[in-house]
Amino acid sequence: MTDPHNNSGSDPDQLSRLRARVLDLEREIESSRGHANSRSRATVGHWAGLEGGLVGVGLLSRAGAVVEANDRLCGMLGYSRETLQGRAWGGLTNPDVRARDEREFERVASGEIDTGDLDTRLIRADGAVLHAAVSIRRGHDPHDDSSAFTVQVLDLTEQRNTAEQLRVSSGQLSALGQELQTLLDHTRDFVYRHNVEGVFDYLSPSIEQVTGYTREEWEKHYTAYLTDNPVNEAVVDVTEETIRTGKEGPTYLVEVRHRDGRPIMLEVNERPFFEDGNVAGIIGVARDVTERVKAEADIKRAKEAAEAASRAKSVFLANMSHELRTPLAAILGAAELRAGGRALSTDEEAQRDIILRNGRLLLTLLNDLLDVARVEAGRFGVHPVACVFAEIMADVEAAVRPQHRNSNVEFTIRYENPIPVRLVTDPTRLKQAIINLVNNALKFTEAGRVCVRIRADREDASPQLVIIVEDTGVGIPADALDEVFDTFSQLETTLGAVPGGTGLGLPVAKSIAEQLGGSLSVESRAGEGSAFALRLPLDAADAAFLEPKDMVLPVFATADHAFRGTAHRLSGHILLAEDFLDTRRMVSDALLDTGARVTSVADGRAAVQAASRQEFDLILLDIRMPIMDGREAACELRRRGCRAPMIALTASTEPSDRRTLLDAGFDDLWSKPISLASLLDRVGAYLQTEDPRRGDGRALPARSVSLNGERLMAAVAGFAHSLDERFRDIRAAIEDGMLSRAEDELHKLVGAAGIHGFMPLSRQAAALLAMTRNGTVTRTSPELDALRETIDAIPALDVPRSDPADS
């Protein structure tokens, strides 16, 4: 083995390699000493290759010309390397500082200093000034073997601009501080600051103007000046919460004592200030709002007094309207009964017409007064439900036609484009608004026409249903257009004020339009007529529309309860199964008046028993009945071989229910509500009719169905009298949570109201019935109030009721 400590035993090859390495190092050292210029240029070449550095580097000859430069320096000065090389450095220096910079170069060249540092300005190729820090060191010029310079340049332009901006901002801030101090010295508000213990260390001079105390007197705890006003109870908590959380608190009111003893109210806004990251105290601004608070209190008291007076007036109007409507309804009922019974002489008919015309006018005025009272009291609500628009217009026409007695005025309803089948609105209120507009147009039109134009504008971003009531009447002067919707405003015509109105119809119509989400506007010219445009929002993206030709529907029931049914005498025997006595009696009496025979029963089991004893030409079965419902009765009758046509009377409109009923053996399904006139017409399609003419060609006495008949009118009056009690039962059932009982009562009301001619009431009950069935109805549901209002609008007909005569 070789001893590592014995040199004589070393590897000869290893020694040879070491000697060769020593010789190479000696040659490199010598080469290094002999080629300093080459090393210098290699170093500059390295600088020239630097990219993206912060410092520009250049090599200058002793004469001050640029020999080499890196990319950063070229970019700073805006030159390429080729165009920068050979330029005198003095030519790149701003003339204002050139002499100073040259002296610094001389000091470095002479060896007086090793490094020269300049804060100078250089001129770029584009003429712009470059603020720069330049460091100068001695180097070696490879061309003339004499001293040269290296320069390192740092761009300070952005920093100088920032410094200038800070200098300007500092000046502006100083000026702003002076302005702020001036503001604090003269403003009526006072600014304060106190520490977390509540001791003030700053108060603006205006504190003396506001409170009467000097700033020195206020430099104690802020609570020392608070009064015992309840408004101050939460003040300390607000301030302490701001200190605790470090978050700005809400603006609050505080009452303090003035030096003269009177209380003053301050509106205060506070926010915390911080030191070393911790809340050090509160900065606040306080404003004297004593007069404003007093004025607000006065306004509040005046408003409360006005509201109390308005409520008292509304209660008075409501009570008086109700008390007056009751005897008035009796007068109208008695006058309407004069149309039945014995024939009237010409004078008697004229007297009856005077009573009816003026009585109806008085009833309209009372209703308008009540509506205005509700509007002013904020209780004139609307209750939108899904309804059939054609039915609304049919009711409007039925209400207006009897009042339209001027043969010189043509009244028409025109549909200008397809109209939605269904509309979500308050049908009662919408009809009221349209009727008010039509009656207003008729009142001011002596001759010409009154037309209701209806269209659906679906092209705009916000679709609308537009109902325009236009007339060719006296028109409205331009200076009176702004007043037409004012309460109790009456238009003066060339003949003076038009009689028969109070000026309430248009304001009520405008209120209805706005509560339904729409608007009511007017265009008019004196002597040429007027056009009132009622616009309602239309949500009919997926709704079905009817063409104008399909909008003609039968006239539904109206307040005067006058119907025209078939002019033929009916022949046949009808079985009617209906558990609601009023409906059963009404339908039975009307069918008997046509000449048909009627057997009426109260439940499905009685219907089966009656049909087992004798044959019937038509069987009408209500679906919802006790003991045995209509569907079960139909199944049993068909099982026993009954072949008579059977009709289901139901409030359901679901397709699945219709299929179930037809499968049970029914021939047809008549959906409630159904008016009496419509029911009689449908019955006529199933029974034989007698020729209305005798053999000698003379007409038989008319037996058209008319609810002006004494017996039928008594049934209507009896039903109207029962509505208050029925509503109380429905409300009580809903409040007690007995929804099945409420559903039974509402089901009865849907059918009975339609049969007795009160279609708006029937539809309102149907809407509430749907909510009851799905469990969404509550004691505060608007639909319940809407039902109450609809019942209130029905006049109480004071007509004796006859005893029921079920056969």
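FYI, the numbering just counts along the sequence from 1. Atom set for the values below is all heavy atoms of this structure, side chains included, hydrogens, waters and symmetry mates excluded.
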Engineer: Report yes if some heavy atom in the side chain of Asn436 is under 4.5 Å from a heavy atom in the side chain of Leu506; otherwise report no.
Structural biologist: no

Engineer: Any ion pair linking Asp298 and Lys294 (charged N to carboxylate O, less than 4.0 Å)?
Structural biologist: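 Looking at Lys294 and Asp298, the cut-off is met.
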
Engineer: Ignoring hydrogens, what is the shortest heavy-atom contact between Leu739 and Gly775? Give both atom names and the distance.
Structural biologist: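 Closest heavy-atom pair between Leu739 and Gly775: CD1-CA, 4.2 Å.
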
Engineer: What pair of heavy atoms forms the shortest contact from Gly529 to Ser524, and how long is it?
Structural biologist: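 Looking at all heavy atoms of both residues, the closest pair is O-OG, 2.9 Å.
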
Engineer: If you round to the nearest 0.5 Å, how far is CZ of Arg429 from CD1 of Ile434?
Structural biologist: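 It is 14.0 Å, given to the nearest 0.5 Å.
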
Engineer: Report the distance from atom OG1 of Thr425 to atom CG of Leu536, rounding to the nearest 0.5 Å.
Structural biologist: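 The CG atom of Leu536 is 5.5 Å from OG1 of Thr425, to the nearest 0.5 Å.
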
Engineer: Take Ile207 and Tyr213 through the test side-chain contact (heavy atoms from CB on, under 4.5 Å) and record every step on the way to the result.
Structural biologist: CA-CA 7 Å; Ile207 184 70; Tyr213 292 98; 5.7 Å; no

Engineer: Less than 4.5 Å apart, side chain to side chain, heavy atoms only: is that true for Val777 and Leu784?
Structural biologist: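 Of all side-chain heavy-atom pairs linking Leu784 with Val777, none is under 4.5 Å.
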
Engineer: Could you tell me whether the side chain of Thr445 and the main chain of Ala441 form a donor-acceptor pair under 3.5 Å?
Structural biologist: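 Yes; at least one donor-acceptor contact below 3.5 Å.
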
Engineer: Are side-chain heavy atoms of Phe727 and Leu749 found at a separation under 4.5 Å?
Structural biologist: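 Answer no - side chains too far apart.
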
Engineer: Checking the side chain of Thr242 only, and the main-chain atoms of Arg271 only, is there a donor and an acceptor separated by less than 3.5 Å?
Structural biologist: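 No, because the side chain of Thr242 does not come within donor-acceptor range (under 3.5 Å) of the backbone of Arg271.
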
Engineer: Do the side-chain N and O atoms of Ser781 and Thr778 include a donor-acceptor pair separated by under 3.5 angstrom?
Structural biologist: yes

Engineer: Does Arg193 qualify as a cation-pi partner of Phe273, given the criterion of NZ or CZ under 6.0 Å from the six-membered ring centre and within 45 degrees of its axis?
Structural biologist: yes

Engineer: Return the CZ to CG distance between Arg731 and Asp785, rounded to the nearest 0.5 Å.
Structural biologist: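 These two atoms lie 6.0 Å from each other.
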
Engineer: Asp471 vs Lys443, test: salt bridge (charged side-chain N to carboxylate O under 4.0 Å, His left out). Steps then yes/no.
Structural biologist: CA-CA 10 Å; Asp471 62 67; Lys443 181 171 65 173; over 6 Å; no

Engineer: Flag the pair Lys510 and Glu514 as a salt bridge only when some basic side-chain nitrogen lies within less than 4.0 angstrom of an acidic carboxylate oxygen.
Structural biologist: yes

Engineer: Looking at Leu430 and Leu534, what are the two nearest heavy atoms and their distance?
Structural biologist: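 Looking at all heavy atoms of both residues, the shortest contact is CD1-CD2, 3.8 Å.
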
Engineer: Parallel, tilted or perpendicular: which fits the ring planes of Tyr192 and His194, with parallel below 30° and perpendicular above 60°?
Structural biologist: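 Rings of Tyr192 and His194: parallel, under 30°.
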
Engineer: Looking only at atom types and distance, does a side-chain atom of Thr245 sit under 3.5 Å from a main-chain N or O of Lys247, one as donor and one as acceptor?
Structural biologist: yes

Engineer: Inspect the surroundings of CD in Glu523 and state if more than 12 heavy atoms from other residues, nucleotides or ligands are less than 6.0 Å away.
Structural biologist: no

Engineer: Report yes if some heavy atom in the side chain of Ser530 is under 4.5 Å from a heavy atom in the side chain of Arg525; otherwise report no.
Structural biologist: no

Engineer: Write down the atom of Val466, the atom of Ile468, and the distance for their closest heavy-atom approach.
Structural biologist: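 So the minimum-distance heavy-atom pair works out to CG1-CG1, 3.7 Å.
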
Engineer: Should Arg455 and Arg453 count as side-chain neighbours, where that means a heavy-atom distance under 4.5 Å?
Structural biologist: yes

Engineer: Find the distance between CG (Leu465) and CG (Leu538) and round it off to the nearest 0.5 Å.
Structural biologist: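 Those atoms lie 6.0 Å apart.
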
Engineer: Is the closest side-chain heavy-atom distance between Met393 and Val452 below 4.5 Å?
Structural biologist: yes

Engineer: If I compare all heavy atoms of Gly246 with all of Val279, which pair ends up nearest, and what's the gap?
Structural biologist: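 What the structure gives for the nearest pair is CA-CG2, 3.7 Å.
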
Engineer: Does the pair Arg741/Glu745 count as a salt bridge with the N-to-O cut at 4.0 Å?
Structural biologist: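 So Arg741 does not pair with Glu745 through a salt bridge.
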
Engineer: Would one find more than 12 heavy atoms of other residues, nucleotides or ligands at under 6.0 Å from atom CD of Glu725?
Structural biologist: no

Engineer: Does the side chain of Ile734 reach to within under 4.5 Å of the side chain of Asp736, using non-hydrogen atoms?
Structural biologist: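 Of all side-chain heavy-atom pairs linking Asp736 with Ile734, none is under 4.5 Å.
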
Engineer: Locate the shortest heavy-atom distance separating Glu743 from Thr772; write the atom from each residue and the value.
Structural biologist: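 Result for this residue pair: N-CG2, 3.9 Å.
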
Engineer: How about Val210 and Leu266: do any of their side-chain heavy atoms sit closer than 4.5 Å?
Structural biologist: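 The answer is yes; the side chains approach within 4.5 Å.
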
Engineer: Report the C-alpha distance between Thr251 and Val268 in whole Å, list the side-chain angles of each, state the deciding distance to 0.1 Å, and finish with yes or no for side-chain contact (heavy atoms from CB on, under 4.5 Å).
Structural biologist: CA-CA 6 Å; Thr251 299; Val268 180; over 6 Å; no

Engineer: Between Glu270 and Thr239, does the side chain to side chain donor-acceptor pair (under 3.5 Å) criterion hold? Intermediate values first, please.
Structural biologist: CA-CA 8 Å; Glu270 295 182 330; Thr239 300; 3.1 Å; yes

Engineer: Enter the distance from Arg726:CZ to Asp729:CG here, rounded to the nearest 0.5 Å.
Structural biologist: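 Separation between the atoms: 8.0 Å.
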
Engineer: Please enumerate all residues that pass side chain to side chain contact (heavy atoms under 4.5 Å, CB included) together with Val289, with sequence neighbours excluded.
Structural biologist: Leu253, Met265, Glu267, Arg287, Arg292, Val293

